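The structure appears right after this line, and notes come after that.
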Amino acid sequence: MSGLLKEFRDFAIKGNMIDLAIGVIIGAAFGAIVSSIVDDIFMPIIGIIIGGILVGTIIGAVASKRVKMTEMPQMVALYNGLGGGAIALIAWSEYREWIHQANEIKDLSNAAFGPVGSEIVAAHASISVSLEVLIPTLLAMVIGSISFWGSNVAFGKLQELIPSQPLSLPGQKIINGLLLAVLIAGCVYLGFNNDIGDLNQPVFILMLVVAALLGLGVVLPIGGADMPVVISLLNAFTGLSAAAAGIALDNTALIVAGTLVGSSGTILTLEMATAMNRSVANILFAGFGSPATGGGGDQEQRPYRSLNAQDAAIALAYADSVVIVPGYGLAVAQAQHTVKEMADELEKKGVSVNYAIHPVAGRMPGHMNVLLAEADVPYDQLKEMDEINPELPQTDVCVVIGANDVTNPAAKTDESSPIYGMPIIEVDEAQQVLVLKRSMSAGFAGIDNDLFYNEKTAMVFGDAKQTVQDIVTELGNL
């Protein structure tokens, strides 16, 4: 992961360029399909396509400009869903085109031959859609629909439009299994009935709906803490559906771009699952992320220690080495620039400053890297988990800013905890720990953090940005 995350800013730019390319190719492909159906009104269709591109460009540019960095994961999920939805609609459009051709053959034969027209149609019934085209079309329809609806659920959970905890019906796994069986059976039926006279649009639409229900049924039971992995996986799905659509349309550019997105998304998903010491299947089907008491007990009855900004500044100023551990709370407070100011003040006093980056900190891959890069934090100060953990026992002070679950010692010590076995940044090994947090509330996974009650830990309560600014002021006075 180290090379990937250190170059995340460049990777993100390239990824967005690939997504843009896919969007342009999808638009062109969709326009080609529509124009082939209505050649007699080709010019108006060109106008519609250009108008659609302009409207989409304006909406996307305005939304991207206004979105806050903390809302970037939601936007990624939303854009990814739109890509999957577009692919599913293209697959449906292609299927409709074949039905349209079958109807044209029937109408022409009846008009030309009258009573014997039915025999001509029967003769053409042997004309079939090639399975080399039909199968990728069905795959694009299924995967695109799953990605669209699953991504919208991920967006809703991250935006807190729907509860972030797992939501499921009794017997949800059985329901999902039945939906998958129906989906497979329906696609097999469509594949076997590929004669141009046997194409069945109602069944195709039904499969679109079943795929949508499966997308909802798979993602709703997943807790909000696992949404970064889910978004990465759904991004891979969208890429694969785009590649399948490219095969159906014989579009090389769409095949290449979709394969790139699908393969990179798959690799990133596996890397993130490895970083959490869990399998992708466990993330999808275990229902992790629900409120839990493991690793925390009743936090109201557990003692903890707190400091003010002045005391925290003194502890930092007299340290030889400081490691800053950023998390989603840093993004919410938009404190990255203030944290950089604090690091600069410490370096002026001869303190060594580094940043510990957990692979799944925040709500999307590389979230912390992007935030810190925005504040011009040098890349060589960003240390990956495996690199920084051996150094923490020799670290004087760890400053945890908005990171919760990825620093929870329960992952190492409490077998009853849902995060047991997940690799963490072992800040509890440092000589002293300062946790900047608004309150003692649990993290996004709903798990109480044992770190808060460690004898080495001192809580510094308040808004992260304001608290860090107060520490910077106190450092300047020392």
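Values in this document were obtained by computation on a predicted structure and should not be read as measured data. FYI, the numbering just counts along the sequence from 1. Below, all heavy atoms of this structure are taken into account, side chains as well, without hydrogens, waters or symmetry copies.
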Can you confirm whether [X] is buried at [atom1], in the sense that more than 12 heavy atoms of other residues, nucleotides or ligands lie under 6.0 Å from that atom?
X	atom1	answer
Lys465	NZ	no
Leu54	CG	yes
Asp250	CG	no

Identify the heavy atoms of [X] and [Y] that sit nearest to each other, and give their distance.
X	Y	value
Val460	Ala312	CG2-CB, 4.2 Å
Leu183	Met207	CD1-O, 3.5 Å
Leu234	Ser151	CD1-N, 3.4 Å
Gly144	Ala88	C-CB, 4.0 Å

Does [X] reach the side chain of [Y], with side-chain heavy atoms less than 4.5 Å apart?
X	Y	answer
Phe155	Asn80	no
Gln336	Val339	no
Lys412	Met422	no
Ser306	Met440	no
Met459	Phe452	yes
Trp98	Leu134	yes

Any donor and acceptor pair, going by atom type alone, linking the side chain of [X] with main-chain N or O of [Y] inside 3.5 Å?
X	Y	result
Thr413	Pro409	yes
Ser241	Thr238	yes
Asn235	Gly265	no
His358	Pro423	yes
Ser147	Ile143	no

Side chains of Asp428 and Asn454: is there a donor and an acceptor less than 3.5 Å apart? no
Aromatic ring proximity, centroids under 6.0 angstrom, Tyr95 and Phe204: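 Centroid distance Phe204-Tyr95: below 6.0 Å, so yes.
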Asp463 bridged to Arg438 by N-O distance under 4.0 Å: yes
One pair to check against side chain to side chain contact (heavy atoms under 4.5 Å, CB included): Ile425 and Ile357. What are the steps and the verdict? CA-CA 8 Å; Ile425 296 177; Ile357 309 297; 5.9 Å; no
For the pair Val323 and Tyr355, evaluate side chain to side chain contact (heavy atoms under 4.5 Å, CB included) and give the outcome as yes or no after the intermediate values. CA-CA 5 Å; Val323 171; Tyr355 299 80; over 6 Å; no
Side chain to side chain contact (heavy atoms under 4.5 Å, CB included) evaluation trace for Thr407 with Ile424: CA-CA 5 Å; Thr407 64; Ile424 62 168; 5.9 Å; no
Could you please spell out the steps behind the side chain to side chain contact (heavy atoms under 4.5 Å, CB included) verdict for Asn354 and Ile324? CA-CA 6 Å; Asn354 286 302; Ile324 299 171; over 6 Å; no
